[in-house]
Amino acid sequence: MSDFGTLSEAITKGNIQAAVAETQNLINAGSGAQDILENGLIATMNEVGDRFAKGLIFVPQMLRSAKTMQECTKLLQPFFQEGDVTSKGKVLIGTVKGDLHDIGKNLVSMMMEGAGFTIIDLGVDVAPEQFVQKAKEIEPDILGMSALLSTTMPAMPQTIEALKTAGIRDKIKVMIGGAPVTDKYAQQIEADGYASDAGSAVIKAKKLLDIS
Ligand code: B1M
């Protein structure tokens with residue numbers, strides 16, 4: 001594994017310029033994109049979250065670190081592009097109502113796009129009725145929901161209910177994820193699939209659509 005000390009420090013301080021430069025240095029030095037993502041970027045955001053939970057930093061610092069990570073992620077995008085780019089299916093994705101966390105959702109979108117899925121991203125704070133309206137319009141194969149707060153997870157079953165009410169639940173596979181979400185929760189709310197990270201999300205999506 002590479003040494004991510006410099007990158008980690010730059011993200012923690014929210015120094016976008018230094019973090020982007022160090023990400024490029026690591027790529028140039030031959031570090032793998034997956035290694036940089038998991039052990040550099042995501043590991044540092046987990047530390048940032050721990051520091052926030054302990055009251056050592058506050059929302060503005062956490063936000064700055066998040067923006068810094070997002071900029072670094074852009075440099076990794078080309079490395080997650082798979083060879084064959086014929087569309088594997090349409091994925092409507094968003095972060096659920098009341099929730100503004102989008103780094104994980106964006107990573108899932110990036111990896112799925114790289115694997116050949118067409119992504120329609122509704123962004124953050126997406127209400128059940130917005131998911132339904134767009135789903136009726138574009139008829140996606142998969143509807144993906146992300147939630148990072150235990151308080152916003154209930155928007156997932158609410159969205160599934162809204163799909164049922166609209167009469168389109170059985171036409172769409174529903175996939176969910178996010179730090180507080182579990183496989184058990186997915187089963188409980190009758191989602192079709194759960195993934196713990198962006199790589200697994202691609203595997204799960206292919207499985208749901210029965211493609212390789
Ligand atoms: Co927030 N926040 N935050 N935050 N934040 C957490 C989630 C928290 C755990 C921090 C903590 O206390 N330790 C805590 C939640 C506690 C809980 O409910 N269990 C928390 C809190 C409390 C809050 C606020 C309430 C703080 C406040 O205002 N007092 C507030 C809420 C705002 C709101 O949403 N309404 C808030 C705000 C923010 C910022 C805006 C400052 C910022 C988000 C910026 C942004 O996203 N653009 C932020 C951040 C950055 C975090 C932490 C530090 C990092 C999240 C992250 O991006 N992780 C986070 C602590 C933590 O997670 N350790 C924290 C990296 C990312 C790659 O991982 O998102 O888990 P993750 O995504 C993974 C998987 O989960 C999965 O794949 C991804 C890639 O591997 N995945 C899916 C995600 N979605 C998926 C969907 C799928 C499949 C897989 O299928 C569709």
(request) Supply the atom-to-atom distance Ile11 CD1 to Glu22 CD, rounded to the nearest 0.5 angstrom. (result) 9.5 Å
(request) Using atom types as modelled and distance alone, determine if a side-chain donor or acceptor of Asp99 lies under 3.5 Å from a backbone N or O of Leu149. (result) yes
(request) Indicate if Met153 and Val124 have the same hydrophobic cluster label, given that clusters are the connected sets of ILVMFWY residues with side-chain heavy-atom separations under 4.5 angstrom. (result) no
(request) Please name the pair of heavy atoms, one in Leu7 and one in Gly40, separated by the smallest distance, quoted to 0.1 Å. (result) CD2-CA, 4.2 Å
(request) For the residue pair Asn39 and Gln34, confirm or rule out a side-chain donor-acceptor distance under 3.5 Å. (result) no
(request) Looking only at non-hydrogen atoms, find the nearest pair between Ser200 and Ala195 and report the distance. (result) C-CB, 3.8 Å
(message) Distance check, rounded to the nearest 0.5 Å: Met175 atom CE versus Asp192 atom CG?
(response) 10.5 Å
(message) Can a donor-acceptor pair be found, under 3.5 Å and without considering hydrogens, that links the side chain of Tyr185 to the backbone of Pro180?
(response) no
(request) With rounding to the nearest 0.5 Å, note down the distance linking CD in Glu137 to CG in Leu92. (result) 9.5 Å
(message) So, applying side-chain contact (heavy atoms from CB on, under 4.5 Å) with Lys206, which one of Val202, Ile203, Leu209 is it?
(response) Val202
(message) For the backbone of Gly89 and the side chain of Asp141, can you confirm whether one donor and one acceptor N or O come within less than 3.5 Å of each other?
(response) no
(message) Checking side-chain polar atoms at under 3.5 Å, does Asn106 have a donor or acceptor matched by the opposite partner on Ser109?
(response) no
(request) Side-chain contact test, heavy atoms from C-beta onward, threshold under 4.5 Å: evaluate it for Leu148 versus Thr95 and give yes or no. (result) no
(request) Compare every heavy atom of Ala33 with every heavy atom of Leu76, then report the nearest pair and how far apart it is. (result) CD1-O, 3.9 Å
(message) I'd like to know if the side chain of Thr159 reaches the main chain of Ala155, judged simply by a donor and an acceptor atom lying under 3.5 Å from each other, with no hydrogens or angles considered.
(response) yes
(request) Check whether any side-chain heavy atom of Leu143 lies under 4.5 Å from a side-chain heavy atom of Lys173, and answer yes or no. (result) no
(request) Decide if atom CD of Gln24 counts as having more than 12 heavy atoms of other residues, nucleotides or ligands within a radius under 6.0 Å. (result) yes
(request) Scan residues 50-73 for pairs that pass salt bridge (charged side-chain N to carboxylate O under 4.0 Å, His left out), counting only residues two or more places apart or in two chains. (result) Glu71-Lys74
(message) Test your reading of the model: is there a side-chain donor-acceptor pair from Gln81 to the backbone of Pro78, 3.5 Å cut-off?
(response) no
(message) To check you understand the geometry: which heavy-atom pair defines the closest contact between Ala198 and Met111, and what is its length?
(response) CB-CG, 3.7 Å
(request) For Gln133 and Glu129, test the side chains for any donor-to-acceptor distance below 3.5 angstrom and give the result as yes or no. (result) no
(request) Taking all heavy atoms of Ile211 and all of Lys88, pick out the closest pair and write down the distance. (result) CD1-O, 3.5 Å
(message) Exactly one of Ile36, Ile27, Leu26 should register a side-chain contact (heavy atoms from CB on, under 4.5 Å) with Leu75. Which one does?
(response) Ile27
(message) Show the nearest heavy-atom pair for residues Pro140 and Ala135, with the distance to one decimal.
(response) CD-O, 3.4 Å
(message) For a 4.5 angstrom cut-off between non-hydrogen side-chain atoms, does Leu37 reach Leu107?
(response) yes
(request) Say whether, by atom type as modelled, one donor and one acceptor occur between the side chain of Asp102 and the main chain of Lys105 under 3.5 angstrom. (result) no
(request) Could you tell me the separation between the OG1 atom of Thr73 and the CG atom of Leu41, rounded to the nearest 0.5 Å? (result) 5.0 Å
(request) Hey, could you give me the OG1/CZ distance between Thr23 and Phe4, rounded to the nearest 0.5 Å? (result) 9.5 Å
(message) Using the rule that Ile, Leu, Val, Met, Phe, Trp and Tyr join whenever any side-chain heavy atoms are under 4.5 Å apart, tell me whether Met156 and Leu163 fall into a single cluster.
(response) yes
(message) Using 0.5 Å steps for rounding, measure from the NE2 atom of His101 to the OG atom of Ser146.
(response) 9.5 Å
(message) Between Thr152 and Val96 (side chain of the first, backbone of the second, donor and acceptor by atom type, cut-off under 3.5 Å), is there such a pair?
(response) no
(message) Are Lys204 and Tyr194 packed together at the side-chain level, in the sense that at least one heavy-atom pair is separated by less than 4.5 angstrom?
(response) no
